[in-house]
Participant: 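Take a look at this one; I'll ask things after.
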Number of protein chains: 2
Amino acid sequence: MGRSDHRLGGSQLPATPTTLADVAERAGVSRQTVSNAVNNPDLLRPDTLERVRQTIAELGYSPNRAARNLRTRTSSLIGLRFAPAQEGTANAAMDRFVHSLVEASQEVGYHVLLFPGDDEDPIGGYDNLLRSTAVDAFVVTDTYLGNPQASWLSEQRAPFVAFGRPWDDEEARHVWVDVDGAAGTRLATQHLIDRGHTRIAWIGWRKDSPIGEDRRSGWLKTMHANGLSTTGLASRVEDVVHSGAEAAAVLLDESEPTAFVCASDTLAMGVLHTLWIRQLAPGRDIAVVGFDDSQVAQVFPVGLTSVRQPLEDVAVEIVNTLSLLLTHQPIDTWGVLLEPTLAIRESS
Amino acid sequence: MGRSDHRLGGSQLPATPTTLADVAERAGVSRQTVSNAVNNPDLLRPDTLERVRQTIAELGYSPNRAARNLRTRTSSLIGLRFAPAQEGTANAAMDRFVHSLVEASQEVGYHVLLFPGDDEDPIGGYDNLLRSTAVDAFVVTDTYLGNPQASWLSEQRAPFVAFGRPWDDEEARHVWVDVDGAAGTRLATQHLIDRGHTRIAWIGWRKDSPIGEDRRSGWLKTMHANGLSTTGLASRVEDVVHSGAEAAAVLLDESEPTAFVCASDTLAMGVLHTLWIRQLAPGRDIAVVGFDDSQVAQVFPVGLTSVRQPLEDVAVEIVNTLSLLLTHQPIDTWGVLLEPTLAIRESS
DNA sequence: ATGAAAGCGCTAACAT
DNA sequence: ATGTTAGCGCTTTCAT
């Protein structure tokens with residue numbers, strides 16, 4: 001069945017896409033040989049390979065994804081539940097992470113498929129994609145307390161890597177990549193100590209957040225390791241600007257700190273607000289460090305020093321681990337902890 | 001060929017996924033009938049439908065995506081090139097838009113596939129996905145001047161909808177959805193006029209940005225419509241905080257405006273910086289309005305009034321149009337322009 | 001090193 | 001209203 005609708009040098013796609021058979025016929029080889037030229041070029045004699053490759057280029061052939069997926073029972077797709085950044089907070093880390101993930105996935109021949117989350121039915125989206133074999137694996141980002149996704153996926157024996165430690169679950173036996181929050185606040189606190197500060201306050205989240213407690217511990221340990229007191233210097237509030245501002249006001253009145261380390265850029269913005277009201281200059285009078293290196297930290301007129309998560313590295317690590325999982329290679333470590341850095345700006 | 005690995009009430013996925021044939025055998029109908037039960041339930045007798053549906057539920061059957069895709073020559077996937085938010089600017093609109101797109105797509109049975117952009121080869125990613133029939137359509141977001149993607153996709157007769165007008169290209173014959181930037185700045189300017197301001201300055205982008213010029217025109221026309229002079233009240237700079245701050249300083253010195261309308265939140269942040277340095281209170285002494293309602297505007301201690309793009313509506317409109325395109329239904333309008341709103345905060 | 005045959009799971013077209 | 005047949009485009013298996 002000859003086909004005549006190819007625009008060889010043309011710019012328009014043929015009405016019906018070029019197939020393996022088209023290439024085979026034109027190159028005078030079998031379909032299998034074309035398939036090998038694409039997937040196992042080593043099997044071909046150099047001259048055959050060259051001829052087939054040229055025909056592929058001429059016809060602009062690209063293997064049909066659906067057919068390949070059906071045959072190989074793979075999709076080359078990684079599923080990611082995409083929850084939006086919360087309005088009113090500075091946490092736009094997701095954006096940077098997703099981009100890194102897309103790039104890293106591309107490197108190993110994968111694409112990222114986004115699906116929405118449903119709070120009513122947190123595993124619904126996962127279940128659908130899994131049953132219909134629409135994705136090969138998942139990246140799970142929301143591993144907060146009591147989140148059923150990771151354990152559910154484990155039960156299903158579905159390949160996935162979590163961004164975030166299984167804080168609450170001793171039993172968890174899945175692979176994860178995370179950023180060492182305590183190391184980040186250690187970096188921040190030591191930075192302030194090196195600048196001569198001794199009364200460094202902490203403004204963090206409520207006690208039921210393991211991530212928050214982890215970040216808090218970095219501050220606490222670094223203070224103590226340097227023989228500094230932390231009495232009356234810590235506050236736990238909700239992650240909103242207003243709460244950060246209030247906490248800063250109280251701390252300033254009661255404990256006279258000269259610097260603040262915050263669990264988030266959102267809280268740091270609150271501190272800056274209080275400083276502004278009191279006519280205190282950030283960086284000169286009082287130092288402030290945030291967490292996440294959000295756009296807010298970068299755009300704020302008085303650049304906000306902030307702990308920056310190495311999201312690019314996280315993505316690469318996740319994709320590499322996923323590759324191992326999907327090729328059934330042995331995983332040497334269940335968890336990888338990456339070190340954040342400190343983006344130093346005027347506020348310290 | 002009977003199969004015995006189904007865990008009917010169990011929580012684990014069968015080693016080999018359930019297929020149409022499994023359901024058909026178990027329900028005592030033909031494969032086609034099962035297919036119809038899923039895709040054309042109207043064709044079945046109610047009792048048959050019920051029986052098949054129950055079997056589907058029992059076995060936890062979900063159609064294999066690859067097989068369906070191969071057969072129907074569709075993928076139910078919408079491709080989106082995901083470029084990261086630029087560091088150092090406040091433009092995190094992408095994040096919100098992507099989420100809206102994912103949600104809207106889900107509603108009509110589509111998922112969003114992300115692929116990375118390559119500045120060297122802007123159409124490479126599109127070409128690959130198109131040739132391999134990996135996606136049904138694209139959403140194109142970066143329709144700036146001289147961007148070849150839209151025209152290239154048009155040439156290929158690939159289904160796509162652009163978020164953004166084809167500013168430069170009179171010839172463009174593709175479908176687009178955009179937000180009326182001029183209406184946004186009109187809203188902002190009128191808001192300030194209603195508040196009693198008469199000397200309202202504009203800080204925008206360089207002249208070669210059609211989006212910038214569009215936004216500028218909203219300010220200009222509203223000023224003139226209200227009989228207000230604009231002489232010496234406009235400035236065109238690069239979209240960075242520093243430039244916004246400088247422009248504000250110059251304008252304050254030379255033209256004594258009482259309010260600023262900016263082409264972006266980034267520039268507005270610059271204005272706020274200058275006000276801070278000069279001990280002027282935003283909102284009380286000088287009013288400021290930004291554009292994009294970014295997280296920066298929301299988190300900034302003195303809440304920044306900002307023009308908010310209706311990205312949720314944009315996504316819905318795009319997906320609806322895409323649905324029409326993909327089902328070869330007639331499109332009534334080539335372009336849709338949506339109205340932004342004004343998020344009013346303390347800075348005005 | 002290359003080719004032929006089979007079949008992945010589904011749905012369009014046709015037949016009953 | 002339901003069943004039968006064929007084939008989407010590819011890769012795995014086996015034969016040459």
Side-chain angles (χ1 to χ4, degrees), chain A residues 1 3 6 14-53 55-56 59-76 109 130-134 136, chain B residues 1 3 14-53 55-56 59-76 109 130-134 136 327:
Chain A
M1 43 119 132
R3 294 179 39 192
H6 305 303
T16 229
T18 309
T19 73
L20 202 84
D22 298 332
V23 177
E25 191 189 3
R26 194 164 217 269
V29 295
S30 75
R31 290 177 4 220
Q32 186 50 40
T33 300
V34 180
S35 175
N36 284 336
V38 174
N39 302 308
N40 301 88
D42 296 347
L43 294 181
L44 299 207
R45 228 176 29 218
D47 60 321
T48 318
L49 180 59
E50 181 49 39
R51 201 169 75 249
V52 175
R53 281 204 166 138
T55 312
I56 288 176
L59 299 181
Y61 168 71
S62 185
N64 179 300
R65 273 314 242 261
R68 171 178 281 178
N69 294 350
L70 175 57
R71 186 64 241 232
T72 60
R73 295 166 175 285
T74 61
S75 65
S76 298
L130 202 52
R131 300 198 107 87
S132 57
T133 59
D136 290 343
Chain B
M1 43 122 119
R3 295 179 38 192
T16 225
T18 310
T19 72
L20 200 85
D22 298 331
V23 178
E25 192 188 2
R26 194 165 217 270
V29 296
S30 75
R31 287 170 6 202
Q32 186 53 42
T33 300
V34 180
S35 176
N36 284 337
V38 174
N39 302 307
N40 301 89
D42 296 347
L43 294 181
L44 300 207
R45 224 174 34 215
D47 60 322
T48 318
L49 179 60
E50 181 50 39
R51 200 169 77 248
V52 175
R53 281 205 165 138
T55 311
I56 287 176
L59 299 181
Y61 167 71
S62 185
N64 179 300
R65 275 311 242 262
R68 170 179 283 177
N69 294 350
L70 176 57
R71 184 65 245 232
T72 61
R73 294 167 178 284
T74 62
S75 65
S76 298
L130 203 53
R131 301 198 106 87
S132 57
T133 58
D136 290 345
T327 52

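Every chain is numbered from 1, with letters handed out A, B, ... down the list of sequences. In this text, all values refer to a predicted model and were calculated from it rather than measured experimentally.
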Participant: Any donor-acceptor pair under 3.5 Å linking the side chain of B:D136 with the backbone of B:S76?
Facilitator: yes

Participant: How many whole angstroms separate atom CZ of A:R51 from atom C1' of C:dA1?
Facilitator: 12 Å

Participant: Does any residue of residues 37-45 of chain A have a heavy atom under 4.0 Å from DNA chain C, and if so, which ones, in number order?
Facilitator: A:L43, A:L44, A:R45

Participant: Could you check how far CG of A:L20 sits from C1' of C:dA5, rounded to whole Å?
Facilitator: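 Between C1' of C:dA5 and CG of A:L20: 15 Å.
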
Participant: With a 4.0 Å limit, can you tell me whether A:T48 has a side-chain N or O closer than that to the phosphate oxygens OP1/OP2 of C:dT2?
Facilitator: yes

Participant: Check whether any side-chain N or O of A:N64 sits under 3.5 Å from a backbone N or O of A:A67 as a donor-acceptor pair, and report yes or no.
Facilitator: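 Side chain of A:N64 to backbone of A:A67, a donor-acceptor pair under 3.5 Å: yes, one is there.
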
Participant: For the side chain to side chain contact (heavy atoms under 4.5 Å, CB included) test, which of B:T74, B:V38, B:L20 pairs with B:R68?
Facilitator: B:V38

Participant: Of all heavy-atom pairs between A:R53 and A:A37, which one has the smallest distance, and what is that distance?
Facilitator: NH2-O, 4.5 Å

Participant: Within the distance-only criterion (no hydrogens, no angle test), does the side chain of B:T48 pair as donor or acceptor with the backbone N or O of B:L44 below 3.5 angstrom?
Facilitator: no

Participant: Between A:R73 and C:dC8, is there a contact of a side-chain N or O with OP1 or OP2 at under 4.0 Å?
Facilitator: no

Participant: B:D22 side chain to B:T18 main-chain N or O, any donor-acceptor pair under 3.5 Å?
Facilitator: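 Not at all, since once roles are kept as given, no pair shorter than 3.5 Å links the two residues.
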
Participant: How close do B:S75 and B:T133 get, heavy atom to heavy atom, and via which atoms?
Facilitator: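 Minimum heavy-atom contact is CB-O, 4.3 Å.
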
Participant: Give the rounded distance in Å between these two atoms: CG of A:D22 and C1' of D:dC8.
Facilitator: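 So the CG-C1' distance, A:D22 to D:dC8, works out to 13 Å.
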
Participant: Please write out each protein N/O paired with an N/O of nucleotides 3-7 of chain D under 3.5 Å, distance rounded to 0.1 Å.
Facilitator:
unit_1 : atom_1 : unit_2 : atom_2 : d
D:dG3  : OP2    : B:S30  : N      : 2.6
D:dG3  : OP2    : B:S30  : OG     : 3.0
D:dG3  : OP2    : B:T33  : OG1    : 2.7
D:dA6  : N6     : B:R31  : NH2    : 3.2
D:dG7  : N2     : B:R71  : NH1    : 3.2

Participant: For the pair made of CG in B:L70 and P in D:dT11, what is the distance, rounded to whole Å?
Facilitator: 12 Å

Participant: Which angle, rounded to 10°, do you find between the first-five-pair axis and the last-five-pair axis of the helix from C:dA1-D:dT16 to C:dT16-D:dA1?
Facilitator: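 Result, rounded to 10 degrees: 30°.
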
Participant: Any sub-3.5 Å donor-acceptor pair from A:T55's side-chain atoms to A:R26's backbone N or O?
Facilitator: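 No; zero donor-acceptor contacts below 3.5 Å.
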
Participant: Kindly say if B:R65 contacts the phosphate of C:dC10, meaning a side-chain N or O under 4.0 Å from OP1 or OP2.
Facilitator: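 False: B:R65 side-chain N/O out of range (4.0 Å or more) of C:dC10 OP1/OP2.
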
